[in-house]
Amino acid sequence: MKLGDAKLKRVFTFLIGFGFATIGAVYIISYCNLMTVGYNFHEYVQFIIRRLECQYFLIGLCLIFLSIYIPGGKKYELHI
């Protein structure tokens, strides 16, 4: 595997994670309307924890974190 392939995989993982985090954040913000219906904050958090589309936010953050902080490539990869 060449060095460019490893960087391309990292960029692809970062972009997929960013997309998941964006989708999850949009749903979390849109579900804030439940608090105007009469839900309190605890019920709101319990609701969004159980929703798959809101869990995309955490999955996306994990993918972003892994793509940035997992070492790869050459030992001294300071050049771009």
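The analysis underlying the following values was restricted to heavy atoms, covering all of them including side chains, and did not include hydrogens, waters or symmetry mates.
- Atoms SG and CD1, on C54 and I23 in that order, are 11.5 Å from each other to the nearest 0.5 Å.
- V11 is connected to F65 through a chain of hydrophobic side-chain contacts under 4.5 Å among Ile, Leu, Val, Met, Phe, Trp and Tyr, so both are in one cluster.
- F12 and I68 are not part of a single hydrophobic cluster, where members link through side-chain heavy atoms under 4.5 Å apart.
- Under the salt bridge (charged side-chain N to carboxylate O under 4.0 Å, His left out) criterion, E43 pairs with no residue at all, not counting sequence neighbours.
- Here the CD1-SG distance, from I48 to C32, works out to 7.5 Å after rounding to the nearest 0.5 Å.
- Put simply, M35 and I28 are part of the same group of oily side chains (I, L, V, M, F, W, Y) that touch within less than 4.5 Å, one to the next.
- The OG1 atom of T36 lies 7.5 Å from the CG atom of L34; values are rounded to the nearest 0.5 Å.
- Atom OH of Y44 sits about 10.5 Å away from atom CD1 of I49, to the nearest 0.5 Å.
- There is no path of hydrophobic side-chain contacts, each under 4.5 Å, that joins V26 to L63.
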Sequence neighbours excluded and cut-off under 3.5 Å, please list the side-chain donor-acceptor pairs for residues 13-20, or say none.
from	atom 1	to	atom 2	distance (Å)
T13	OG1	K9	O	2.8

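- Both F57 and Y31 belong to a single network of hydrophobic side chains, linked directly or stepwise wherever heavy atoms of I, L, V, M, F, W or Y lie under 4.5 Å apart.
- Contacts of Q55 classified as side-chain contact (heavy atoms from CB on, under 4.5 Å), with partners at least two apart in sequence or in another chain: L52.
- No hydrogens or angles considered: nothing links the side chains of Y39 and Q46 as a donor-acceptor pair under 3.5 Å.
- Side-chain contact between F41 and V45: present, with at least one pair of heavy atoms (C-beta onward) separated by less than 4.5 Å.
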